[in-house]
Amino acid sequence: MTVKQVSKLAGVSVRTLQFYDGIGLLKPTNTTAAGYRLYDEDALEKLQQILFFKELDFTLKEIQIIMNDPAFNKDAAFKKQRELIELKRDRLNALLGLLDKLIIGEKCMDFEDFDMSEYFRILNNFKGMHTDEIVKRLGSMEAFDEMFSDLKFREKDIADMAVKQYGSIEAFTSAMEKNFQDYLSNGPVISPSEAGDLIEKTDEITGRLTADLSKNVSSPEIQKIVRELVDFTNKCANGIEMGDNYWPLMAEAYLSTPLYIEVTDKKYGKGASNFIGLALKFYLDGK
């Protein structure tokens with residue numbers, strides 16, 4: 001097919017196709033002696049992929065990186081693009097529903113349809129720009145896609161957590177963007193043996209903290225161990241932004257979250273979770 005025929009079929013301008021050729025995103029299959037571009041079925045399939053990615057708000061640079069990746073699988077891409085377009089459809093339907101209410105005069109102070117859009121845009125951009133690093137860290141792009149889908153499924157819960165822990169969605173998004181960059185640039189993934197050492201050390205500190213639950217949580221001995229636990233955990237975070245409210249939320253979780261209470265009490269003794277929560281609250285109040 002000629003460039004004009006492809007333009008008419010795909011609904012993109014001739015100038016756009018010429019631009020894609022110029023930047024190496026979509027080269028014609030062949031060129032006639034007179035200089036006319038010709039496209040075969042494979043080229044049309046590639047154009048279809050490009051248009052799908054554009055519809056999902058990927059930049060041309062990101063699309064080029066993804067499609068030039070030797071591991072790129074178009075069948076897997078079709079399935080994932082379908083999932084992402086469904087998510088986009090659901091989001092647009094929610095916005096249309098909100099507009100319908102506003103049109104008839106209802107006052108709707110519900111902003112959850114807007115809250116996390118920037119966060120997920122950054123995730124999408126991150127995926128396109130750091131394919132090799134993601135595969136190195138997570139093992140495959142499918143693992144990243146599964147994580148993305150899970151985050152979308154838990155969007156409202158994450159938004160609630162973000163406001164509590166970071167103060168606002170904007171602060172959460174900024175912190176996560178920094179964390180993503182640090183995650184990829186700070187060397188190799190922690191080894192299983194290192195992870196085991198960190199868990200063992202945390203367990204040892206917590207064991208000392210809860211060795212005698214009859215002690216006063218405000219005692220210098222207990223508060224010294226609490227400070228050791230907080231400092232060790234912060235050090236292990238290795239620069240990751242945990243949010244200003246991370247420790248207050250942890251204290252509250254030990255005091256009132258059933259799962260935390262059940263697991264902690266089972267491991268360190270009945271009442272251990274409440275003891276840790278109160279000890280943390282006293283420590284934080286004194287800072």
Side-chain angles (χ1 to χ4, degrees), residues 116 119 122 137-138 147 150-151 154 157-287:
M116 299 294 289
Y119 173 64
I122 287 172
R137 288 275 173 166
L138 300 182
M147 178 192 74
D150 179 62
L151 290 173
R154 297 187 295 113
D157 290 337
I158 293 171
D160 291 342
M161 175 279 297
V163 172
K164 290 177 182 177
Q165 187 170 331
Y166 292 84
S168 69
I169 296 295
E170 291 75 14
F172 168 72
T173 300
S174 177
M176 289 304 101
E177 186 169 20
K178 177 183 180 300
N179 290 345
F180 291 146
Q181 294 294 342
D182 290 346
Y183 177 70
L184 293 181
S185 61
N186 284 342
V189 183
I190 185 170
S191 70
S193 62
E194 289 172 323
D197 290 342
L198 294 178
I199 293 171
E200 185 177 338
K201 178 63 175 177
T202 302
D203 186 42
E204 186 271 327
I205 297 173
T206 308
R208 283 192 282 115
L209 178 61
T210 56
D212 185 352
L213 298 177
S214 67
K215 289 184 177 180
N216 192 318
V217 296
S218 64
S219 69
E221 178 188 357
I222 293 298
Q223 286 302 301
K224 181 181 179 181
I225 301 174
V226 171
R227 183 171 63 253
E228 183 182 352
L229 178 63
V230 170
D231 289 346
F232 179 74
T233 304
N234 290 341
K235 181 181 178 182
C236 290
N238 194 27
I240 291 176
E241 297 282 349
M242 298 191 296
D244 293 337
N245 294 321
Y246 173 79
W247 283 109
L249 285 173
M250 286 300 298
E252 189 59 38
Y254 279 116
L255 290 170
S256 60
T257 302
L259 182 60
Y260 267 79
I261 295 171
E262 179 184 351
V263 172
T264 305
D265 284 4
K266 184 176 181 180
K267 187 166 187 178
Y268 300 104
K270 186 172 178 59
S273 187
N274 187 68
F275 185 88
I276 295 171
L278 291 175
L280 276 171
K281 283 181 74 71
F282 187 88
Y283 172 79
L284 297 170
D285 288 343
K287 291 193 69 178

Inset, instruction - Evaluate the side chain to side chain contact (heavy atoms under 4.5 Å, CB included) criterion for residues L209 and V226: first the C-alpha distance (whole Å), next the side-chain angles of each, then the deciding distance (0.1 Å), finally the verdict. - result: CA-CA 7 Å; L209 178 61; V226 171; 3.7 Å; yes
Legend entry - Qualifying residues under side chain to side chain donor-acceptor pair (under 3.5 Å), relative to D265, sequence neighbours excluded: none
Legend entry - Criterion side chain to side chain contact (heavy atoms under 4.5 Å, CB included) on M250 and I276, from CA distance to verdict: CA-CA 10 Å; M250 286 300 298; I276 295 171; over 6 Å; no
Legend entry - Smallest separation among heavy atoms of F275 and K215, with atom names: CE1-O, 3.3 Å
Legend entry - Carboxylate-amine/guanidinium contact R208 E204, below 4.0 Å: yes
Inset, instruction - Nearest 0.5 Å please: distance from the NZ atom of K267 over to the OG1 atom of T210. - result: 10.0 Å
Inset, instruction - Hey, could you give me the CD1/OG distance between I261 and S256, rounded to the nearest 0.5 Å? - result: 6.5 Å
Legend entry - I225 versus I205, closest heavy-atom pair with distance: CG2-O, 3.7 Å
Legend entry - Minimum-distance pair of heavy atoms, taken over all atoms of V217 and I222: O-CG2, 3.6 Å
Inset, instruction - Kindly indicate whether the side chain of T264, heavy atoms from C-beta on, has any atom under 4.5 Å from the side chain of N274. - result: no
Inset, instruction - Could you walk me through whether K281 and L255 pass the side chain to side chain contact (heavy atoms under 4.5 Å, CB included) test, one step at a time? - result: CA-CA 10 Å; K281 283 181 74 71; L255 290 170; 3.2 Å; yes
Inset, instruction - Heavy atoms only: give me the nearest L284-P248 pair and the separation to one decimal. - result: CD1-N, 3.6 Å
Legend entry - side chain to side chain donor-acceptor pair (under 3.5 Å) partners for K224, two or more places apart: none
Legend entry - Separation of K201 NZ from L229 CG (nearest 0.5 Å): 10.5 Å
